[in-house]
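Report on the structure given below.
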Amino acid sequence: QVQLVESGGGLVQAGGSLRLSCAASGRTYSLDAMGWFRQAPGKEREFVANIDWSGGNTAYSNTVKGRFAISRNNAVNTVYLQMNNLTPEDTAVYYCARYRTPVPNTDPPAYWGQGTQVTVSS
């Protein structure tokens, strides 16, 4: 059974930083691409970033590019999202996601975490 457990969310002031972590289990983690998505109140869930199985290739939404960084440590089955220069518009529930493929493709992730709340105050 695949499990994804996020941590690291919280309340931060605008301009601050947070690092989210997602611990994965239940499948050979190092073979799967991983991603982060978010959902703000009243909005649809949106893509934030993803990373391939090796960590060598990443992709970001335009709204976070240059401020957020996704990384992974396959030795401890964990993916991270470093978020810098946060703004109130980044307030959302952040979800870790796991693809069934080594490289993200057009198919949506197959597995989702329960989410962690990030709140950025102005």
Side-chain angles (χ1 to χ4, degrees):
Q1 182 178 358
V2 173
Q3 284 192 316
L4 301 172
V5 180
E6 301 100 334
S7 61
L11 174 64
V12 64
Q13 287 188 330
S17 298
L18 281 175
R19 188 175 83 153
L20 305 183
S21 299
C22 172
S25 63
R27 232 173 97 96
T28 306
Y29 165 81
S30 60
L31 297 180
D32 292 339
M34 300 291 295
W36 288 95
F37 292 72
R38 69 185 183 185
Q39 187 167 19
K43 295 187 177 181
E44 294 188 352
R45 188 175 298 186
E46 66 174 359
F47 166 76
V48 174
N50 62 31
I51 187 167
D52 73 356
W53 69 276
S54 71
N57 293 286
T58 59
Y60 298 91
S61 70
N62 288 333
T63 57
V64 307
K65 193 176 296 183
R67 300 187 297 123
F68 291 12
I70 188 171
S71 62
R72 66 190 293 163
N73 184 340
N74 288 348
V76 294
N77 294 351
T78 301
V79 64
Y80 306 96
L81 185 69
Q82 177 66 43
M83 306 185 293
N84 299 325
N85 196 20
L86 286 160
T87 73
E89 289 68 38
D90 294 316
T91 295
V93 177
Y94 283 71
Y95 296 91
C96 176
R98 186 167 176 174
Y99 298 79
R100 277 205 181 103
T101 54
V103 177
N105 55 28
T106 56
D107 292 336
Y111 309 100
W112 296 87
Q114 293 196 331
T116 185
Q117 177 70 46
V118 172
T119 303
V120 185
S121 63
S122 58

What is the minimum heavy-atom distance between [X] and [Y], and which atoms define it?
X	Y	answer
I70	I51	CD1-CG2, 3.7 Å
K65	N62	NZ-OD1, 3.5 Å
V118	L18	CG1-CD1, 3.9 Å
Y60	A49	CD2-CB, 3.5 Å
S71	V79	O-CG2, 3.1 Å
V93	Q117	CG2-OE1, 3.2 Å

Main chain of [Y], side chain of [X]: is a donor-acceptor contact present, judged purely on distance under 3.5 Å?
X	Y	answer
T63	S61	no
T91	V120	yes
D52	G56	yes

List the steps, then state whether side-chain contact (heavy atoms from CB on, under 4.5 Å) holds for W53 with T101.
CA-CA 8 Å; W53 69 276; T101 54; over 6 Å; no
For the ring pair Y95 and F37, is the centre-to-centre distance below 6.0 Å?
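No, too far apart.
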Can you check whether [X] reaches [Y] side chain to side chain, under 4.5 Å on heavy atoms?
X	Y	result
L81	V48	yes
L4	R98	yes
W36	N50	no
R72	M34	yes

Take Y94 and L20 through the side-chain contact (heavy atoms from CB on, under 4.5 Å) test and state the conclusion after the steps.
CA-CA 9 Å; Y94 283 71; L20 305 183; 3.5 Å; yes
Qualifying disulfide (SG to SG under 2.5 Å) pairs with a residue from residues 87-122, counting only residues at least two apart or across chains:
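Applying disulfide (SG to SG under 2.5 Å) to every pair that reaches into residues 87-122, excluding sequence neighbours, yields C22-C96.
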Show your working on side-chain contact (heavy atoms from CB on, under 4.5 Å) between V64 and M83 and close with a plain yes or no.
CA-CA 8 Å; V64 307; M83 306 185 293; over 6 Å; no
Return a table of donor-acceptor pairs under 3.5 angstrom between the side chains of residues 102-115 and protein atoms on other chains or two or more places apart.
residue: N105; atom: OD1; partner: D107; partner atom: N; Å: 2.9
residue: Y111; atom: OH; partner: R100; partner atom: NE; Å: 3.3

Apply the salt bridge (charged side-chain N to carboxylate O under 4.0 Å, His left out) test between R38 and each candidate in E6, E46, E44; give the one that qualifies.
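Single salt bridge (charged side-chain N to carboxylate O under 4.0 Å, His left out) partner of R38 among E6, E46, E44: E46.
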Distance-only donor-acceptor check, side chains S17 and N84, under 3.5 Å
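Indeed, the side chains of S17 and N84 share at least one donor-acceptor pair under 3.5 Å.
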